[in-house]
Asks: 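One structure, pasted below without further comment.
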Amino acid sequence: MTDASGPGQLDYAQAVHLLAQLVPAGAVLSYGDVAELLGSGGPRQVGKAMATAEDGTPWWRVLRADGNIAEPLLLRAREHWEKEKLARPGKRVDIKNLRWNPTPKQWEAIDILRLSLGNPKMSELDDEL
DNA sequence: CTTTTGACAGCGT
DNA sequence: CACGCTGCCAAAA
C-alpha cells in the first residue's frame, strides 16, 4: 500500500488500531480515552473498531473505563495483564493509575493520527453557523 | 424513515 | 463494591 510519509485519508478503524499500537507495555487506555485522543467518534465506535483488530495490535491494553473488558476476552486478557504487571491474577486493571501518559514526543504521533483522520470538512461547522 | 445493536460511560441505588 | 438504567454515536437492518 502506498501509505508512507503523507497522511492519506485514514480510516477510523485504522486510526484506532494504530493508536492502540502506540500504547507501550505496562500502560492502558479506555475506549473513551481513545475516542478523545482521536478527537472523533465515541467509546462504542472504538470498540467496534477494536473488534476488527489484527494480530500485532495489543487489544488487551484498551479496556472499559471500569478496568475490565468484555467477557469473551477476559480470560485471554488476564494472561497479558499478569505478564505486563497490569493487574494481579483474577483482578481488574487499576486504570486510574496505569492510564497511559504520553510523552511530548508521543503526543506528536497522536496529533498526526488525529489530523490524518479528520479531513476537515466544513459541512458540520457550516451547519452550526 | 424507525429500530436494533455494539470489545461503552456515568450515575444512582 | 455490584447492579441496573439511561445516555451516546454510528452503522446496519
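Hydrogens, waters and symmetry mates play no part in the numbers below; they use all other heavy atoms, side chains included. Per chain, numbering begins at 1; letters A, B, ... match sequence-line order.
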Asks: P atom, B:dA7 versus C:dG7: distance in rounded Å?
Replies: 22 Å
Asks: More 5' along DNA chain C: A:R92 or A:G41, using each one's nearest nucleotide?
Replies: A:R92
Asks: Do the rings of A:W60 and A:H80 sit parallel, tilted or perpendicular, given the 30° and 60° boundaries?
Replies: parallel
Asks: When A:N68 is tested against each of A:L74, A:L73, A:I95 for side chain to side chain contact (heavy atoms under 4.5 Å, CB included), which residue passes?
Replies: A:L74
Asks: Quick one: do A:E82 and A:R88 make a salt bridge, cutoff under 4.0 Å?
Replies: no
Asks: Keeping A:D33 on the side-chain end and A:S30 on the backbone end, is there a donor-acceptor pair under 3.5 Å?
Replies: yes
Asks: A:M50 and side chain to side chain contact (heavy atoms under 4.5 Å, CB included): which partner among A:L63, A:I69, A:V34, A:V62?
Replies: A:V62
Asks: Run A:K96 and A:D94 through salt bridge (Lys or Arg N to Asp or Glu O under 4.0 Å) and show every step you take.
Replies: CA-CA 5 Å; A:K96 287 277 279 177; A:D94 184 359; over 6 Å; no
Asks: Evaluate the criterion side-chain contact (heavy atoms from CB on, under 4.5 Å) for residue pair A:W100 and A:Q106; output intermediate values, then yes/no.
Replies: CA-CA 11 Å; A:W100 182 33; A:Q106 295 175 316; 3.5 Å; yes
Asks: Starting from the C-alpha separation in whole Å, work towards a yes-or-no answer on side-chain contact (heavy atoms from CB on, under 4.5 Å) for A:V23 and A:V28.
Replies: CA-CA 7 Å; A:V23 181; A:V28 295; 5.8 Å; no
Asks: Going 5' to 3' on DNA chain C, which nucleotide is the first and which the last to come under 4.0 Å of a heavy atom in chain A?
Replies: C:dG7 to C:dA10
Asks: Does the protein touch nucleotides 6-13 of chain B at the base, only the backbone, or not at all? Give it as B, S and - per nucleotide, heavy atoms under 4.0 Å.
Replies: BBBSS---
